[in-house]
Structure formats: structure tokens, C-alpha cells
Amino acid sequence: MLTSRARILLSALLRDLPDRHHILTVHTDRTASTSVVLHTGGWDIEHPPVVERLSAVLAGGHGAAVILRSFTPRISHTLPDGTEIPVKVVRGWRAADHALVPLDEAQMFDAHCTDAASGEPVPPEHGVEFAPAPAVDLSAFHAR
């Protein structure tokens with residue numbers, strides 16, 4: 001169960017995004033991810049503490065990276081066993097000073113296609129599209 005503040009945050013983050021199934025990842029001192037599936041009247045959240053952690057990070061003005069992988073209805077490719085793999089759209093934000101700062105398509109590409117240890121480029125994951133993150137209005141979140 002999410003706190004009301006975390007629900008407001010999740011609503012603001014997912015507002016107007018076209019897809020229904022997302023993987024939300026929060027990178028702080030410990031990285032955590034959760035699946036979020038939208039349905040009529042709400043969401044199914046695999047690990048609510050991940051959303052609560054993001055809520056605490058934003059409320060405290062701490063830094064973090066937020067990645068949202070959205071699964072589209074389009075098929076990227078089919079595995080040899082017949083499993084269809086959907087196209088995923090990847091967007092991201094930088095949490096700083098109580099806000100989510102959107103990253104553009106090029107920044108997301110660079111972040112995902114650079115080896116963190118060596119700094120060398122790595123090929124993009126098959127079936128992934130990078131998109132600019134929308135602005136997220138957190139005024140209702142901060143009003144709580």
C-alpha cells in the first residue's frame with residue numbers, strides 16, 4: 001500500500017504516458033526497481049517500497065537517477081521459442097533539489113550505451129527506443 005504522497009508522485013510521473021506496463025528504477029545509494037501496471041482505477045505495483053523510496057528522495061531534496069522503461073504493444077522481435085519481445089521506450093530524470101529534471105533522448109542514449117566502468121561505448125539493447133522524458137509537475141506532491 002502506498003502513502004498518499006507516493007500515490008500523488010506516481011500519478012504525476014505516469015501522467016499522459018501512453019503505455020500501461022512500466023518498470024520504474026531508482027538509482028540512489030542502492031538501486032531498486034519495480035513493475036507498475038496501470039489499469040482502470042489504479043495500478044498494480046510489484047514493490048511499493050521503491051515508489052516510497054523515490055518519494056523520500058524527492059521530499060528530502062536528495063539526488064538520484066530515475067529510469068522508466070515502458071513496454072509498448074509493438075513487437076521488437078520474436079525469440080526462437082516463439083516469445084514475442086515488445087519494444088521498450090526508455091525515459092529518465094535526474095532527481096535534484098526536490099524536482100525531477102527530464103533527460104533528453106541523447107542523454108538517455110549516452111547513459112545506457114556507455115559502460116560505467118570503462119567509459120567505452122556499448123551497443124544499444126535490441127528493441128529499445130530512447131525518448132525525452134516529459135516534465136513532471138510535483139506541485140501537488142510538495143503541497144502535502
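Throughout, numbering of the chain's residues begins at 1 and tracks the sequence.
Every ring-ring contact (aromatic ring centres under 6.0 Å, His included) that His77 has, sequence neighbours left out, goes to His126. For Ala59, the side chain to side chain contact (heavy atoms under 4.5 Å, CB included) partners two or more places apart in sequence, or in a different chain, are Arg5, Phe141.
Between Leu17 and Leu68, some side-chain heavy-atom pair lies under the 4.5 Å cut-off. Considering only heavy atoms from C-beta on, His98 stays 4.5 Å or farther from Leu58 through its side chain. The shortest side-chain heavy-atom distance between Leu9 and Leu138 falls under the 4.5 Å cut-off. The closest side-chain heavy-atom distance from Phe71 to Ser35 is not below 4.5 Å. In this structure, Trp43 and Val37 have side chains that are not in contact, with every pair of non-hydrogen atoms separated by 4.5 Å or more.
Note that CD1 of Ile75 is 4.0 Å distant from CD of Glu84, once rounded to the nearest 0.5 Å. Remark: Asp44 CG to His39 NE2 distance equals 3.5 Å, nearest 0.5 Å. To the nearest 0.5 Å, the span separating CD on Glu52 from CD1 on Ile45 amounts to 8.5 Å. Here the straight-line distance linking atom OG1 of Thr31 with atom CD1 of Ile67 works out to 10.0 Å at 0.5 Å rounding. To the nearest 0.5 angstrom, Asp19 atom CG is 12.0 Å from Lys88 atom NZ. Annotation: the span from Arg53 atom CZ to Arg30 atom CZ amounts to 5.0 Å, rounded to 0.5 Å.
Nearest heavy atom pair, residue Thr25 against residue Ser33, reads OG1-OG, 2.7 Å. Between Val89 and Arg74, the shortest heavy-atom distance links the atoms CG2-NH2, 4.3 Å. Across every non-hydrogen atom of Arg91 and Pro134, the tightest pair is CD-CD, 3.9 Å. For the pair Thr28 and Gly63, the tightest heavy-atom approach, listed with the atom from each and the gap, is CG2-O, 4.2 Å. Between Ala133 and Pro102, the shortest heavy-atom distance links the atoms O-CB, 3.2 Å. Residues Ala96 and Arg94 come closest through the heavy atom pair CB-NH1, 3.4 Å.
A donor-acceptor distance shorter than 3.5 angstrom exists from the side chain of Asp115 to the backbone of Ala117, with no hydrogens or angles considered. Proximity of a side-chain donor or acceptor of Thr34 to a complementary backbone N or O of His47 within less than 3.5 Å is detected. In this structure, Thr72 contributes its side chain and Val87 its backbone to a donor-acceptor pair below 3.5 Å.
Inspection of the His21 and Ser70 side chains reveals no N or O donor paired with an N or O acceptor under 3.5 Å.
Ile8 and Val36 fall within the same hydrophobic cluster, defined by Ile, Leu, Val, Met, Phe, Trp and Tyr side-chain heavy atoms under 4.5 Å apart, directly or through other members. Hydrophobic cluster membership is shared by Leu10 and Val136, with clusters built from Ile, Leu, Val, Met, Phe, Trp and Tyr side chains linked at under 4.5 angstrom. Taken together through direct or relayed side-chain contacts under 4.5 Å among Ile, Leu, Val, Met, Phe, Trp and Tyr, Val128 and Val66 form parts of separate hydrophobic clusters. Hydrophobic clustering (side-chain heavy atoms under 4.5 Å, transitive across Ile, Leu, Val, Met, Phe, Trp, Tyr) keeps Trp93 apart from Ile23.
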May I have the list of side-chain donor-acceptor pairs in residues 106-114 shorter than 3.5 Å, sequence neighbours left out?
from: Gln107; atom 1: OE1; to: Asp104; atom 2: N; distance (Å): 2.8
from: Thr114; atom 1: OG1; to: Asp110; atom 2: O; distance (Å): 2.6

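When each of Thr3, Leu13, Leu24, Val26 is checked for a side chain to side chain contact (heavy atoms under 4.5 Å, CB included) with Val51, only Leu24 meets the rule.
Using a 4.0 Å cut-off between charged nitrogen and carboxylate oxygen, Glu129 and Arg69 do not count as a salt-bridge pair.
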